[in-house]
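Heads up: the structure comes next, in structure tokens.
From a predicted model like this one, the values you see are computed outputs, not experimental measurements. For the numbers below, each heavy atom of this structure counts, side chains included, while hydrogens, waters and symmetry mates do not.
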Amino acid sequence: VGAVTKQTLFPPLMPAGRPFRVSNASRSSRKGIVASSLQELISKTLDAFLISAGIVTLVLEEDGTVVDTEEFFNSLDDNTHFMVLEKGQKWTQTRNGVATVRQKKKMGVANITFDLYKLNPKDFIGCLNIKATFYEIYSVSYDIKCMGAKSILRKVLQLISHAAQITGQFLLCTGTYMLQLL
């Protein structure tokens, strides 16, 4: 008959902690906390926000879903945004009425924007700003400023005058050439 003895040299390893972001109900303070379980996250949150009341609710910041089971907590991704609610507090959407959603970084070649604005309320057309950004590194901007209606009309009349002069010169040259042919 043999006896088996087991001696533990090292305590069992704790699962590695995962990073999370926690904010208070007013979203005025945000803390980064690393925890491996829901209870550990709650206790570290109480310490980080200096909350003495032990009754708190942990919800997802984006939609207010209550996180109260370990299984649901383990199914969440790293860097999940939580909100800690004390007794009597309720989850609300962000100030602009839309829950915060992370947008994926866009990978593109160019981004072109057109901005039409007026410097003076009396301006006839206004100004146009064209801005092109390439590879999110280089940007080129061009500003077209249109003056008041009086100066625009003056420029249009100058353009028509030059066009009439060019047309007259063309007709004179064509008439002279036709006379020589006849």
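- A distance-only check finds no donor-acceptor pair linking the side chain of Gln169 to the backbone of Gln165 [under 3.5 Å].
- The same ILVMFWY cluster, assembled from side-chain heavy atoms under 4.5 Å apart, contains both Ile42 and Phe72.
- The shortest side-chain heavy-atom distance between Phe49 and Val84 falls under the 4.5 Å cut-off.
- Asp78 pairs by the side-chain hydrogen bond (donor to acceptor under 3.5 Å, both in side chains) definition with Arg18, not counting sequence neighbours.
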Problem - salt bridge (Lys or Arg N to Asp or Glu O under 4.0 Å) evaluation trace for Glu61 with Arg21 - result: CA-CA 9 Å; Glu61 185 179 4; Arg21 295 179 184 172; over 6 Å; no
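- In terms of the ring-ring contact (aromatic ring centres under 6.0 Å, His included) criterion, residue partners of Phe20 (sequence neighbours excluded) are, by chain and number, Phe73, Phe82.
- Linking Ile, Leu, Val, Met, Phe, Trp and Tyr whenever their side-chain heavy atoms come within less than 4.5 Å puts Leu128 and Ile112 in one cluster.
- A pairwise comparison of heavy atoms in Leu85 and Ala25 identifies CD2-CB, 3.7 Å as the closest pair.
- Linking Ile, Leu, Val, Met, Phe, Trp and Tyr residues whenever their side-chain heavy atoms come within less than 4.5 Å places Tyr142 and Leu116 in a single cluster.
- Using modelled atom types and a 3.5 Å distance limit, the side chains of Ser28 and Asn24 yield a donor-acceptor pair.
- Contact detail for Ser36 and Glu70: the closest heavy-atom pair is O-OE2, 4.3 Å.
- Hydrophobic clustering keeps Val22 apart from Val34 (ILVMFWY residues linked when any side-chain heavy atoms are closer than 4.5 Å, directly or through intermediates).
- Within the 4.5 Å cutoff, no side-chain heavy atoms of Ser23 are placed close to those of His81.
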